[in-house]
Structures are given as C-alpha cells and as structure tokens.
Amino acid sequence: MSAWADTSNAPDPARQQALLHLLHQDCGACHGLTLKGGLGSPLTPQALSGKPMENLVATIMNGRPGTPMPPWKPFMSEAEAEWLVQWLQSQKPLDPNQ
Ligand code: HEC
C-alpha cells in the first residue's frame, strides 16, 4: 500500500518533512517514539485500521476533551492531518532520524 505517497491532497515535500518531524517530536512524546503507545494510544497501522478517517482527523484537529490529547488545529490544516493519518496507516516505519 502506498497511499501516503500519491494522495492528491499531499502537502509539498518540505511540508511533509516538517509534519513528520512534528509527528516524531511532539506526537511521539505521548504516543511513543515508535508510535506504539505511551500516555497516548498506539498510532500503528494495526491500531488505526478500521477507524473512520473523519474521526481520526477530527481528533487531531480538535483534540479529545477530557483526555491529554491536545488540538493541533493551530499547527496544521485538515488536509495535512488527513495526510498524516494516511501516513500512519501506511506500513512505513518511522525514521528515527527525522
Ligand atoms: C499530551 C499528549 C499527546 C500529544 C502531544 C498527542 N497526543 Fe494524540 N492522543 C493522546 C491521548 C491520551 C489519546 C487517547 C485519547 C482517548 O483516550 O480517547 C490520543 C489519541 C489520538 C488519536 C486517536 C487514536 C484512536 O485510536 O482513536 C490520534 C489519531 C492521535 N492521538 C494523533 C496524534 C497526533 C497526530 C499527534 C501529534 C500531532 C498527537 N496525537 C499528539 C495524547 C497525545
């Protein structure tokens, strides 16, 4: 599966790098450096499979009230959050050097 690479809504390459950096630095602080879970739930392809894109994007945009998951709306657009979810759902391992 390579949906992450050829989606029509994909941000430009520089922005993709910035988003993956954010994913590693900021999301990783709670979801674990390898995104297998920590304070936050795992964001592995297995954990996210079958969950509606709409809900996952809404969680990233607005956070989850009552949980530590913060809103990321100030830092990325909805299309970018969607791209991140597609990236997370792909089998691509997170590069620890990002
Ligand atoms: C301060 C800690 C924290 C940070 C930082 C954080 N999260 Fe979360 N996130 C959580 C927690 C806790 C949950 C689980 C909420 C719940 O119990 O429903 C969660 C849930 C989620 C979910 C829903 C998962 C599911 O299976 O439904 C997604 C998607 C998600 N986070 C993505 C992200 C992304 C992308 C980032 C970075 C841009 C991020 N999170 C940063 C704490 C965090």
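In each ligand, atom 1 is the first atom listed, and ligand 1 is the first ligand listed.
- Taking the side-chain contact (heavy atoms from CB on, under 4.5 Å) definition, one finds that Leu19 meets it with Pro11, Arg15, Met76, Glu80, Trp83, Leu84, sequence neighbours left out.
- Taking all atoms of both residues into account, the shortest heavy-atom contact from Met69 to Thr59 is CE-O, 3.7 Å.
- With a 4.5 Å cut-off on side-chain heavy atoms, Gln89 and Lys51 do not count as touching.
- A donor-acceptor distance shorter than 3.5 angstrom exists from the side chain of His31 to the backbone of Ser41, with no hydrogens or angles considered.
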May I have the N/O to N/O pairs between ligand 1 and the protein that fall below 3.5 Å, each with atom names and distance to one decimal?
| residue | atom | partner | partner atom | Å |
| --- | --- | --- | --- | --- |
| ligand 1 | 7 (N) | His31 | NE2 | 2.8 |
| ligand 1 | 9 (N) | His31 | NE2 | 2.8 |
| ligand 1 | 18 (O) | Arg64 | NH1 | 2.6 |
| ligand 1 | 26 (O) | Lys51 | NZ | 2.6 |
| ligand 1 | 27 (O) | Arg64 | NH2 | 3.0 |
| ligand 1 | 31 (N) | His31 | NE2 | 2.9 |
| ligand 1 | 40 (N) | His31 | NE2 | 2.8 |

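- Taking both residues in full, the closest heavy atoms of Pro45 and Ser90 are given as CG-O, 3.1 Å, listed atom of the first, atom of the second, then distance.
- A side-chain contact (heavy atoms from CB on, under 4.5 Å) with His24 is found for exactly one of Leu33, Leu35, Thr34, namely Leu33.
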